[in-house]
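See structure below.
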Amino acid sequence: MKRLLVGMGTCGLSAGARGVHDRLGELLAGHPDRGELAITGCIGMCYCEPLVEVRENGRRVVYGEVTPARAEEIVSRHVVGGEILDDYVVYRLEEGRPASGREADFMAPQERIVLRNCGVIDPESIAEYEAAGGYEALRKALFEMTPAAIIEEMKASLLRGRGGAGFPTGLKWSFAAGQASDTKYVVCNADEGDPGAFMDRSVLEGDPHAVLEGMIVCARAIGGTHGYVYCRAEYPLALKRLEIALAAARERGYLGKNILGSDFSFDVKIKQGAGAFVCGEETALFASIEGERGMPRIRPPFPAEKGLWRKPTNNNNVETYANVPWILTRGAAAYRRFGTEKSPGTKVFALAGKVRRGGLAEVPMGMTIHDLVHLIGGGIKEGRAFKAVQMGGPSGGCIPSGISDTPVDFEHIPPTGAIMGSGGMVVLDDTSCMVEIARFFLEFTQNESCGKCTFCRIGTLRMLEALERITRGEGAPADIVKLEKLAVQIKEASLCGLGQTAPNPVQTTLRYYRQEYEAHIARRECPARYCEALVDFFIDAEKCTGCTLCAKNCPVQAITGEPKKLHVIDQSICVKCSRCIASCSFGAVYKN
Amino acid sequence: MAHETDSFVYRLWRYDGAPGELIPLLQSAQEHFGYIPRRAIRYISEATHIPESAIYGVITFYSQFRLQPMGKHVVRICAGTACHVSGSKLLIESVQDELGIEVGETTADGLFTLFTVACLGCCSLAPVMMVGEETHGRLTPASVRRILRGYRRKSEAAGARPAAEATTGADR
């Protein structure tokens, strides 16, 4: 019996998976012999969505860039005819044969623990999760292990929090477990706010039960009574699949009173975030669940002692919880076989930006940045030069290609000035201006600062103003001095992680790309030819078709030319608004 | 469509003083009215005994809440890192030109409201935007214009009738 699986994560859907799914449904309707249609989450190859997998007797054939028309071909030739359409195969896996397909290199270096079920099972079916070994960890935690033994196992695994700070998970659990209280909370931080990160979204969309199971096991270990998943409202599909998973888990007795007949009771609620980056900080997140402005609180007392509603609370992120069931069923020793000695296990990275294969990859800790970008990512788009990776979002930093042999783990990333972060990895090429990247992040943190601490509220604004001056070509050498001074002051005088890390993008770009700052200031020049105020706009004679659109869209009539003939920009009139670039369908307008 | 038990009136009526209900109440008010009108703040204040000023403080803290009515289609252009380096700035300008409004404004015909958003989490399809609940990826200034005109045509075809939206995501 064949099974056809359509990747229906947000990335698949936005690439057109719905149309493919519906077409396949029509083609299979009335032909039960042809196979059954199912949905699945993100397999990680977001760059060749929509994906359709044909699965039969353990053989998995994944087709990429499937259109409704190509879906018809897959049904008529593969499903009915039994012929594999090699030209469209991106990944093929069967027993006794090495993995093959056009994109097999993307999967080869990966180790899938967190993403074990993503793209494999139907995330809306609890039966499929169970068939894949789901909720076995919970049974073990309830009937074979004491809470103390669970915590010991987590400590032995050396799992560190995957949300960014990397605090040892077992140790964190032991703090909350050590508190005497009749009410304890287990919170899952799914407020994935880092621009450039989508690991948690994909896990929640692709395998929501793994996260829930991790939370229930944690509750068992620390004596948790109530759970919350705090998820962004911007992730409607993740929220929907979580709701489905919660209802199914309750029905099967994995949640609620006397779980699986034991004396242990626990239930989970979903809280929708209302859009505030600072709520990724745990004390701000608690304030938000409590219905207040999401502003951080002073620690200590730490959440393990007084967290949500002043009760002992354990807070981990999505990826951390998704690791838990795997560790508990296979043991800490098995987990430590992956990754490095001090940073065992795997990490999920969201590869995006100027990389050829953008998507979700789970790799053993300690893989180098170079391998992530080139082996998995397939190098840089359009054959351009690899310049840097931005890791850790607005709290992170830029690591230049020159030190891309740095292993990605908790030991080697912090000395570069960046942070491990939650796993966002945005690849930059030689068209990216590093001053502009720093400005972009400062604009973000400045906007998202909750305003509680003066240095974060006003200091980031002063830094942003300096960066804006520099990108406009109005900077002075004193601006660099000011940036360096403010960076230190903001870090020292801010209460929470947002302020303490906000200057990182500026500090790392100043450390590795000081000459770019200096070129903007001293020579009024943007080396990457990005900053509009410092470049001129031109029309490429080879590409211009004379369609007149740019001239029509130019607000100052700086563009002249006859229809169907080359157009020219008058530099003395041009105000560098970029509207000509936006209007050109042929990519003929460029900056230099 | 929102489930019946999620409706604003029902939630307000059912409110039993449980802590932490303010944000869900505001979310359901916004879903019900399309924004948070003054009277919704008053209703919530009466039910929860939270001062109107404190409710206002919570509303203005979170980017999700709106104090002004929104257009039929809320256009959210992603300005996250991956989209930024893939040219989202040009997209924002194209949409502003196409709709004749600035970010945060609504078109005169009430059809579109334009926002930017920090990250939609579809970074490998950058640049992306959401129109209502639909995500569109791998955009260019030309395809953005095409998509928005498509929504406009659909609305015009539906006439004054507030028809349920047909949804497709295929616009590569």
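If you're wondering where the values come from, they're calculated on a predicted model, not measured in any experiment. Sequence lines set the chain letters: A, B, ... in the order given, protein chains first and strands last, and positions in each chain run from 1.
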Under a 3.5 Å distance rule, please check whether [X] uses its side chain to pair with a backbone N or O of [Y] as donor and acceptor.
X	Y	answer
B:Arg138	A:Ala15	no
B:Thr135	A:Ser14	no
B:Thr81	A:Pro195	yes

Where does [X] contact chain A at under 4.5 Å (heavy atoms): side chain, backbone, both or neither?
X	value
B:Pro19	both
B:Ala118	both
B:Ala54	neither
B:Val117	side chain
B:Arg145	side chain

Atom pair [atom1] ([X]) and [atom2] ([Y]), whose distance is rounded to the nearest 0.5 Å:
X	Y	atom1	atom2	answer
B:Leu22	A:Glu292	CG	CD	9.0 Å
A:Arg232	B:Leu120	CZ	CG	7.0 Å
A:Lys354	B:Ser86	NZ	OG	6.0 Å
B:Glu93	A:Asn553	CD	CG	11.5 Å

Worksheet item: For B:Gln64 and A:Gln272, what are the C-alpha separation, side-chain angles and deciding distance, and is it a side chain to side chain contact (heavy atoms under 4.5 Å, CB included)?
Response: CA-CA 11 Å; B:Gln64 183 188 12; A:Gln272 248 187 64; 4.1 Å; yes
Practice prompt. Please lay out, stage by stage, how A:Ser288 and B:Phe61 fare under the test side chain to side chain contact (heavy atoms under 4.5 Å, CB included).
Written response: CA-CA 10 Å; A:Ser288 181; B:Phe61 185 85; over 6 Å; no
Worksheet entry | Derivation and outcome, side chain to side chain contact (heavy atoms under 4.5 Å, CB included), residues A:Glu532 and B:Lys89 | CA-CA 12 Å; A:Glu532 273 125 20; B:Lys89 209 170 128 205; 2.9 Å; yes
Practice prompt. Take A:Glu234 and B:Met130 through the side chain to side chain contact (heavy atoms under 4.5 Å, CB included) test and state the conclusion after the steps.
Written response: CA-CA 10 Å; A:Glu234 284 90 343; B:Met130 271 175 103; 5.7 Å; no
Worksheet item: Between A:Ala274 and B:Tyr62, which heavy-atom pair has the shortest distance, and what is it?
Response: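 What the structure gives for the nearest pair is O-CB, 3.3 Å.
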Fill in: Over 12 non-hydrogen atoms of neighbours within 6.0 angstrom of CD in B:Gln68
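Result for CD/B:Gln68: open.
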